[in-house]
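Remarks on the structure that follows.
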There are 2 protein chains.
Amino acid sequence: MTPRPTINDVARAAGVSKGAVSFALNNRPGLATETRERILAVARELGWTPNSRARALSVSRSFAVGLVMARPPETLRADPFFPSFIAGLESVLSESGYALLLQVVPEHDHELRSYRRLAEEGRVDGVFVTDLHVDDTRPALLAELGLPAVIIGPALGEPFWPAVGVDDGPGVAAAVEHLVGLGHTRIAHVSGPTAMVHGQSRRDAWSRAMREAGLPEGPFAEADFSAEEGASATRRLLDLPEPPTAIVYANDLMAMAGLSVATGRGVDVPGRLSITGFDDTELAAHVQPGLTTVSTNVLDWGRAAAERLLALVDGRDPAPTELDPPRLVVRGSTGPAPS
Amino acid sequence: MTPRPTINDVARAAGVSKGAVSFALNNRPGLATETRERILAVARELGWTPNSRARALSVSRSFAVGLVMARPPETLRADPFFPSFIAGLESVLSESGYALLLQVVPEHDHELRSYRRLAEEGRVDGVFVTDLHVDDTRPALLAELGLPAVIIGPALGEPFWPAVGVDDGPGVAAAVEHLVGLGHTRIAHVSGPTAMVHGQSRRDAWSRAMREAGLPEGPFAEADFSAEEGASATRRLLDLPEPPTAIVYANDLMAMAGLSVATGRGVDVPGRLSITGFDDTELAAHVQPGLTTVSTNVLDWGRAAAERLLALVDGRDPAPTELDPPRLVVRGSTGPAPS
DNA sequence: AAAGCCACCTAAACCGGTTTAGTGACCACC
DNA sequence: GGTGGTCACTAAACCGGTTTAGGTGGCTTT
């Protein structure tokens, strides 16, 4: 209620100039140790904290970074990625006194405008870019705006852009290999949108793994990561004259919906059909049968992305970060191929 | 790359003082229409946007509001609430030029510090308070800090605090009534943490509905909204000498885990056991059998909360917002009580 | 004793907006 | 023809920090 003290109040109370207070706060050389301590003591006593708005103006930095999520609310709803990812970001950002500014926009078009606005108004010092499309115009826009950015996700194409992400490939490959080891030969894939980088990269990984196992590619169905489309893709695959004996889904949500479609039709899992997911969501361990899936350390991923962006903002050299490779978690939804 | 133009550049180019530019921008009276238009034209031509940092300092506002989420990452992971809720917030905030500042902290203790810091540094003009505990100290802290706040969730106790939320009660009651109508008499409840307001309020609603149906309360198991505890609570209930014929869960995640436990044990759903959830997550419609659950309009909820906070920040009278009441969605997981 | 040099601190400019007090021109009125 | 009142605008203070260019006093140096 009482107005917060300003640097002037502290200076007056300590009998020094406000410059001195600033020096003491940011412990810069040029102050006698005794003076510095006296100033800090007074500041503590008055309960003074520097006003971030004033600081932001004078140093021309906002000490905030932005995350824009462009998804229809429906797709957003059950996404297991963001909460953990954001927790990872935060653990690094808050440590450095940075805040995370979140924007949710309904369409890609709005997203471009969001970035532009964030940059032009000087709200953020850098941004994270997620859900990259294969022909995404955002990197170009951000370069034009001169806004430091870190791309979240597998780096596809432009390698000079700093992307941070676990490579999905080995995870999908591990799932395929696991199934091949169980004797499966007709292994289908239900992908996310192949117009998006992480949809495409998982799809590619599946193709490659099949090729490397010396198998034909098997049926493929494109979906959009939602339960709805996961279910309908599964129906299409099961309706094939020669249905697959295993399906590799691009995420857990679609896999769980597919699992229900199968059991609802009386198709035994894993007796007649094996199923794998991707994400290792909490529920995956608790469906019947338990879902074999790929687990990635999203928290660490967030941390790495934040560190990278802060380095970029500070003009430091971003240390190349090593992330845990994805790990296959085998549960009950996969079993030997039917004979 | 080239430094953004400032208000001074615009003033010089238009041949007026910077005050005039400011007046034109915020279209305040006292400028000839012709002058105002000339200034705006010049501004547009130079591509000038007012710097929000400077604006924030001079008007002593940050044009940002904060949302602090204090949850262990595990609980956070699969929460269907936040993504939609945030989308709702955003739709209102961005309209008014406000930004959403997100903080994720691992513990409740950190959360208090987060709020304090946000307020003291002047980063935000107001905050949302979620996951209220029954003995929560945050309202007191925020009052002390003089920070406008809107509590998200059912208002339990302190009615003078502006809370925005759908009342869970009718939703849970509808589920119980639906089951009673199907002939069930032993209806159990698996709750969230009763130390939290929304855990407690759903539990209370269940008790009340049972009482009003003239039934004894039936077995109760406290859990924490997670799939893990939902599953173990279900096991405890099914192990009872006289197991319930229906279970009302406080959220979908626990209900789906419970559903799997039941089917895994060979307990037919809904033949021998009926199950209801709460949230109407995307997957609820796609499990086998489909989950009967309670749907709330979380997007609208977010919108209402944002409108309320902005009103509070502006010192306007917050219009009382009407939210859609929760709606029971009947699917296959509920059926007639076994005879 | 004048000059030189630190070490320590102050005064003032600056960041880029908003806001208030004030000024000059113009017109109306008595 | 002086007074009063608008209108349209400018100049300058202000928000609360950071930063730079001095300034002061004491101690060495020659």
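In the text below, chain A, chain B and the rest are named by the order of the sequence lines, each starting its count at 1. Please read all numbers here as calculations on a predicted model, not as lab measurements.
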_Near-strand residues of residues 22-29 of chain A, defined as heavy-atom separation under 4.0 angstrom from DNA chain D_ = Ser22(A), Phe23(A), Asn26(A), Arg28(A)
*Nearest heavy atoms of Phe23(A) and Leu31(A), plus distance in Å*: CB-CD1, 3.9 Å
*Using the ring of each side chain (for Trp, its six-membered ring), is Phe82(A) parallel, tilted or perpendicular to Phe85(A), with breaks at 30° and 60°?*
perpendicular
*Without swapping roles, check the side chain of Trp48(B) against the backbone of Val42(B) for a donor-acceptor pair under 3.5 Å.*
no
*What salt bridge (charged side-chain N to carboxylate O under 4.0 Å, His left out) pairs are there with at least one residue in residues 6-34 of chain B, not counting sequence neighbours?*
Asp9(B)-Arg12(B)
*Test: Glu144(B) and Arg116(B) ion pair at under 4.0 Å*: yes
_Which heavy atom of Leu25(B) sits nearest to which heavy atom of Pro50(B), and what is that distance?_
CD2-CG, 3.6 Å
_Sugar-phosphate only, base, or nothing, as touched by Val21(B) at under 4.0 Å among non-hydrogen atoms_ = nothing
*For the residue pair Asp125(A) and Val313(A), what are the closest heavy atoms and their distance?*
O-CG2, 3.5 Å
*Looking at residues at least two apart in the chain, or sitting in another chain, which of them share a salt bridge (charged side-chain N to carboxylate O under 4.0 Å, His left out) with Asp324(A)?*
none
*If you look at every strand shown and take non-hydrogen atoms under 4.0 Å, does Thr35(A) touch a base, only sugar-phosphate, or nothing?*
sugar-phosphate
_Positions of residues 57-64 of chain A (non-hydrogen atom under 4.0 Å from DNA chain C), listed by number_ = Leu57(A), Ser58(A)
*Going by heavy atoms closer than 4.0 Å, what residues in residues 5-15 of chain B are next to DNA chain D?*
Gly15(B)
*Inspect the surroundings of CG in Asp135(A) and state if more than 12 heavy atoms from other residues, nucleotides or ligands are less than 6.0 Å away.*
no
*Charged N to carboxylate O below 4.0 Å: is that the case for Asp131(A) and Arg138(A)?*
no
*Atom pair CZ (Arg308(B)) and CD1 (Ile152(B)), whose distance is rounded to the nearest 0.5 Å*: 10.0 Å
*Which nucleotide of DNA chain C is the first, and which the last, in the 5' to 3' direction, to come under 4.0 Å of a heavy atom belonging to chain B?*
dG16(C) to dT20(C)
*asked:* Determine whether a donor-acceptor pair (N or O, by modelled atom type, separation under 3.5 Å) exists between the side chain of Arg123(A) and the backbone of Ala64(A).
replied: no
*Closest heavy-atom pair and its distance - Gly302(B), Leu89(B)*: O-CD2, 3.2 Å
